[in-house]
Undergrad: 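Supplied in structure tokens, the structure appears directly below.
Worth knowing before you read on, the calculation uses all heavy atoms, side chains too, and leaves out hydrogens, waters and symmetry mates. Indexing begins at 1, ligand by ligand and atom by atom, following the structure's order.
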Amino acid sequence: MTRDFSVPQTRKLVTALPGPRSVELQERRVASVSRGAGTLANIYMESGSGAILVDVDGNRLIDLGCGIGVTTIGHAHPAVAAAAAEQASKLTHTLFTVTPYENYVRVAEKLAEITPGDFDKHSILVNSGAEAVENAVKIARKFTGRRAIATLDHAFHGRTNLTMAMTYRPWPERAGMGPFPGEIYSVPISYPFRDPEGMTGEEAAERTIDYINTHIGATELAALFVEPIQGDGGIIIPAPGYFKRLSEFCTENGIVFVADEIQAGIGRTGTWYSIEHHGVVPDLVTSAKGIAGGFPLAAVTGRAEIMDAVQPGGIGGTFGGNPVSTAAALAVFDVFEQENLLEEAKRVEKALWARIGDWAEKFPVVGEVRGKGAMFGIELVKPGTKTPNPDALKAVLAHATANGVIPLDAGSWDSVLRLLPSVIISDELIDDAATVLEEALARVS
Ligand SMILES: Cc1ncc(COP(=O)(O)O)c(C=O)c1O
């Protein structure tokens, strides 16, 4: 289909990056903003359309990150902008738990429709991914009467105190921030690139189960949280069969199986939820990021009997499921259907494989290229080894951002180049961005 963009879908640099106005803003920022809010590139943005960001100096940059997987349908989609503006002029707040409104109910209905599983589902709407994960923990504990929570190695579940404890790597997320809540256990994941050669998904699942049995005890475990495709962990896609066996184990032992789909869900990988690639139906699903085109909204959706285990008033919050955010989400769902965006995600996957699929053969610093839909990781290593190469990633990011391409970093060793473009990015922009990344990979190789 043809789309109207307010900004040409091409990269164009009119200054060095960062440009003079960005440099000026950066000076003000250093004087006023906590350095804890670290940035990948100090290029200040003014507008965006489709897969292009426009900075304050008039440069047009290719966005391969979508603000970590949020603007999946493209920047400033006119349908989302119109829905949000209309809602903002009608009603911006009541607090759903004081006096409700229809948008909230419609989003919950839609989530029940698109999340995996053919059973009664209920939802709660909140503001952020971490808040959704926290609520999923509360709900699973209340339902099971158990306390222990298991997460997978390399997981990222957020930056609140509880979700930091559920996040794998100490630096930079957790360092110096404790104490953390107890009863949170990190268990081994299936990581095909780093597992013993030939290890199957089922074997990796047995390793995980053995760890749970020997370190936690299955009957103590309230919930297992998994990212079906790990995002911040480095686009780790567990081997086929891994999640199927784990979900059977959870069912056999009364453990709530939670798919954290905050990064990989809402159509990014060519299905509404990435767990669908693994043929597994989770008990609870968390959604956020791409759900509302950039407006703050997140959700926990799942089996009605689990979601309803909580007493009225036990979950909620002032802004959760805000009228404007939910209006934006309803527009996102419509756009996905009207513009056939699940298919677009598959087109992006095909274009990426065709363009970057041979990088491990071409560049000695590339250990593996992996991905699904518009979610790819390029794991960088010291040539001839599997030793992580964070210096190479730093150099690639520096070259890319200086040349008007914004990818992301990822991985427990900061050595995975992460691509989360919009599903409407054109093949031409993928080609142009890949050329810039290739220049960098050739240099560091
Ligand atoms: C899988 C996953 N869970 C949870 C979160 C936390 O979401 P938020 O930053 O909205 O709190 C993220 C954010 O990157 C995520 O990728």
Undergrad: Would you check whether A130 has a nitrogen or oxygen atom less than 3.5 angstrom from a nitrogen or oxygen atom of ligand 1?
TA: yes
Undergrad: So which heavy atom in the protein is nearest atom 2 (C) of ligand 1, and how far is it from that ligand atom?
TA: F156 O, 3.3 Å
Undergrad: Check whether any N or O atom of E131, backbone or side chain, sits under 3.5 Å from an N or O atom of ligand 1, and answer yes or no.
TA: no
Undergrad: At a 4.0 Å threshold, what atoms of ligand 1 neighbour a non-hydrogen atom of E227?
TA: 1 (C)
Undergrad: Can you see whether Y242 engages T208 through a side-chain donor-acceptor pair at a distance of less than 3.5 angstrom?
TA: yes
Undergrad: Other residues, nucleotides and ligands only: do more than 12 of their heavy atoms fall within 6.0 Å of CZ on R194?
TA: yes
Undergrad: Could you tell me whether the side chain of E349 reaches within less than 4.5 Å of the side chain of F376, counting heavy atoms only?
TA: yes
Undergrad: Looking only at the side chains, is there a donor atom on one of H93 and N322 sitting less than 3.5 Å from an acceptor on the other?
TA: no
Undergrad: Please list, in number order, the atoms of ligand 1 under 4.0 Å from a heavy atom of G158.
TA: 6 (C)
Undergrad: Would you indicate which of Q230, E134, H157 comes nearest to atom 4 (C) of ligand 1 when only heavy atoms are counted?
TA: H157
Undergrad: Around atom CD of E337, are there more than 12 heavy atoms of other residues, nucleotides or ligands at under 6.0 Å?
TA: yes
Undergrad: Right, does atom 10 (O) of ligand 1 have protein non-hydrogen atoms nearer than 4.0 Å?
TA: yes
Undergrad: Is a salt bridge present between E86 and K90, judged by a nitrogen-to-oxygen distance below 4.0 Å?
TA: yes
Undergrad: Counting only heavy atoms not in F319 (residues, nucleotides, ligands), do more than 12 fall under 6.0 Å from its CZ?
TA: no
Undergrad: Should you measure from each heavy atom of Q263, which atoms of ligand 1 turn up under 4.0 Å away?
TA: 14 (O), 16 (O)
Undergrad: What protein heavy atom sits nearest atom 3 (N) of ligand 1, and how far away is it?
TA: D260 OD2, 2.7 Å
Undergrad: Does K289 reach ligand 1 with a nitrogen or oxygen that is under 3.5 Å from one of the ligand's nitrogen or oxygen atoms?
TA: yes
Undergrad: Quick one: does R159 get a heavy atom under 4.0 Å from ligand 1?
TA: no
Undergrad: Which residue and non-hydrogen atom of the protein lie closest to atom 7 (O) of ligand 1, and at what distance in Å?
TA: G129 CA, 3.2 Å
Undergrad: Is there a donor-acceptor contact under 3.5 Å from the side chain of K386 to the main chain of F193?
TA: yes
